[in-house]
Structure formats: C-alpha cells, structure tokens
Undergrad: 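Handing you a structure now.
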Amino acid sequence: MNAAFTTGKELQKMDPVFGQLSFNDHEQIVFCNDKDTGLKAIIGIHNSDMGPALGGTRMFNYANEWEALNDVLRLSRGMTYKAAITGLNIGGGKAVIIGDAKTQKTPELMRKFGAFVHSLSGRYITAEDVGMETADMDIVRDVTPYVTGISESRGGSGNPSPVTAYGVYLGMKAAAKQQFGSNALSGKKVLVQGIGHVGETLVDYLTKEGAIVTIADINEEKLYEVGSKYGAAIFTGDDLYSAEVDIYAPCAMGATINDATVHKIKAKVIAGAANNQLANEDIHGAILQERGILYAPDFLINAGGIINVYAELAHYDKAEIMRKTENIYNTTLEIFAFAIANGITTHHAALTIAQKRIAQRKIENKK
C-alpha cells in the first residue's frame, strides 16, 4: 500500500503504539498482564530528562484497550509538563489498570501490579489516581519501594487529593484576578463537574469563600450527599456546558472541552482539576482564546498532588508542600502574562515554559 494514501485508522492498525495520535515521543510503554489476578495494565513513561517518571495509577473500566492506551499516553505526557512547570526534578509517567475499581480490584491484583512496577527498577514511581485509595498504595509498597502517596503512618504523605484541590482553588483565584480584576470568588457562580476526592474538597473551599456553587456528577447518590453537606445546588439542566456560570471547573475525566462543547461554554473562566481538559490542545485552546474565555492550564493548577507525593522523594515537610502549592497562584498569573505578551494561548504558554526547562536539563545531563 502506498503510504501517501494510508488513512489514520489504517496507520494505527499498522503501528498500534507509535501510530497513536497521542504518542508524543514516549520513552517506554509497558503492557502488563497476569492471568491469575486478572490484571491488565499499561505503564507509560513519557520523559525522564528531569528524573525518574512519577505519576499515579488510574483504574477505570475502559471501553477497549485503544481507549486505555490513549489515556495513559496523554496522562503520562501531562505529568512531564506538570512536574516541569512546577519546578520539580522528576519525569512524567502514568499507569492505567483496565477494570472496575469497585468490583475487580483486589489486594492480589494490586500486589501483582506492584511487582510490575518493581521490575522497572525505579524508572517509574507510582501513586494514586482515579479508582485508587491510599490503602492500595500501601499494598503496592509491600512489594516495591517505587511508590508514593502511602499512609502517613508508614512514613508517606497520605492522600494527595486535598493538596490537589487547594492548588486548583488557588489557580482559579488567579484566573478570577486576571479575568474579573479581583481574585475574590465570593458571589461568583461556579460549576464543578465531578465531585470525587478532589472535586468535593474544591467545593468545600469555594463554599467557604461564598461562591455560588453548582455540582454535577454521574453518581447521583454522591451528588445529593455533597449537595446537602455543602449547600451546593445540583445541576438539573440538559446541557451543563451551556450553564449560565462565571467559572467552569472540570474535575472528572478529560477532554470535556471538545468539538461538541467548546462553542457552548458560557463561563468566562475554565479552571479545574481534570487532566487533559482540551480534546485538541491547539484547536480548542485557540477557540477559547478567540471567545474571550480564560483557560487555566490543567497541568499547572492541578499540580498540588504531585507536589504532595514528590515530598516523599525530596524529603521536605508539610509546610514546604503547602508553600510550593501556594506558588501555583503566582505561576498561573505569570503564565497568563506570558501568553498575552507573546500572543499565544495560555496552554501553549505553559507548555513552552515547561519544555524550555526540560530542554535545559537535557543539555545539562549531556555534560
């Protein structure tokens, strides 16, 4: 077949990993399978110029292996830039486990996953993500030292979610300062999509400041529980992207800003915890900019979690964790200023600064 006439789908069939659109010069992709425990996992190491790849493990019931591979590629890439933009000397990696965390996750499965992590000899260090708990990381720790986010009772930093939420909250305040002239969120209408560990804590911060919070989630039981606990309104409309709010905070899965939603959004600020919020970073980032919607780059403002777990490797205390997380506010404002000065999108601005730091480290490593 003439390569000039090969379609994208045909290319993916011929090159199932390197031909993926989300493949971004990743260093290593590891497929893990264990018949006895039912483990099917993929570990993605995107870049290790800054140090060993650090990133959480997500357990999700993906529709197929293509979806899982695409997710781990996008997530691991995001971790590289998240660490770089935050000033951490760590590379970017991620892992996904295919399955239902509520019904298929077992201690045996987690131990086997830990064994696969251990086999990489420290090139990848794991942590918790969607579908995981601190207790799961403790099980992984039984078989490998290459894990962070373990219980504080075992010398770890514990659940990173509260710190992630704090960073998102500060990034949102910086975005409000840029867009509305004040970082005060009191009276601002905020829609939080996804009220897991991070989303719920973000709702807590917002309601305490006096924001008018509306929440949305696929888990109705959790939705009403959180709504009642914090006095947040529950979204009942047909299309949450068209909601009349000031700030949209995506805190669930990624790619919610896509071809179907980007022109509907009425919020003037997008600032949330979800990874990879832009389905197409170039196209959708540009559309948001053209529409006057300020986007706070996700891999910048949701970096509190990696700051928290990195403390276990860098051996700094809780006070330093909070200091580094609070700096997200200043960095976000700097990114906005850089984007305006250079006539580029905020996402591109954050990416450019992160890539420059990685390139500099790569030069230093060769000396």
Undergrad: On the ring face of Y316, is K324 found with NZ or CZ under 6.0 Å from the centre and within 45° of the axis?
TA: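 Yes, a cation-pi geometry holds between K324 and Y316.
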Undergrad: Before accepting this row, confirm whether a basic side-chain N of the pair D25/R77 lies closer than 4.0 Å to the acidic partner's carboxylate O.
TA: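 Looking at D25 and R77, the cut-off is not met.
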Undergrad: Got a sec: does the CZ of F31 have more than 12 other heavy atoms crowding it under 6.0 Å?
TA: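 Yes, because the 6.0 Å sphere around CZ of F31 holds more than 12 heavy atoms from other groups.
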Undergrad: For this output row, return yes or no: ring centroids of H284 and Y295 closer than 6.0 angstrom.
TA: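 Ring centres of Y295 and H284 not closer than 6.0 Å.
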Undergrad: Pairs in or reaching into residues 245-269: which pass salt bridge (charged side-chain N to carboxylate O under 4.0 Å, His left out), with residues at least two apart or in two chains?
TA: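 Of all non-adjacent pairs touching residues 245-269, those that pass salt bridge (charged side-chain N to carboxylate O under 4.0 Å, His left out) are D239-K264, E244-K266.
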Undergrad: Can you tell me how far apart CD1 (I265) and CD1 (I257) are? Round to the nearest 0.5 Å.
TA: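 The CD1 atom of I265 sits 5.0 Å away from the CD1 atom of I257.
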Undergrad: Could you pull out the closest heavy-atom pair between G194 and A252, with the gap in Å?
TA: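 Scanning both residues completely, I find the closest heavy atoms to be CA-CB, 4.0 Å.
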Undergrad: When F113 is tested against each of I43, D34, T37 for side chain to side chain contact (heavy atoms under 4.5 Å, CB included), which residue passes?
TA: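 Of the listed options, the one satisfying the test is I43.
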Undergrad: Specify the closest pair of heavy atoms between Y230 and T207, including all atoms of both residues, with the distance to one decimal.
TA: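 Between these two residues, the closest heavy atoms are O-CG2, 3.7 Å.
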Undergrad: To the nearest 0.5 Å, what is the distance between CG on L54 and OG on S48?
TA: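 L54 atom CG to S48 atom OG measures 13.0 Å (nearest 0.5 Å).
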Undergrad: Any carboxylate oxygen within less than 4.0 angstrom of a Lys/Arg side-chain nitrogen, looking at E128 and R58?
TA: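 Salt bridge absent between E128 and R58.
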Undergrad: For K189 versus V245, what's the shortest heavy-atom pair and its separation?
TA: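 It is O-CB, 3.6 Å.
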Undergrad: State, to 0.1 Å, how close Y124 and G55 come at their nearest heavy-atom pair, and which atoms those are.
TA: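 Closest approach of Y124 to G55, heavy atoms only: OH-O, 2.6 Å.
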Undergrad: Could you tell me the separation between the NZ atom of K112 and the CG atom of N33, rounded to the nearest 0.5 Å?
TA: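 K112 NZ to N33 CG: 10.5 Å, rounded to 0.5 Å.
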Undergrad: Check I139 against R111 and note the closest heavy-atom contact, atom names and distance.
TA: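 It is CG2-CG, 3.5 Å.
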Undergrad: Looking at K318, I'd like to know if its NZ atom is crowded, meaning that more than 12 non-hydrogen atoms belonging to other residues, nucleotides or ligands lie closer than 6.0 Å.
TA: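 It does: K318 NZ has more than 12 such atoms within range.
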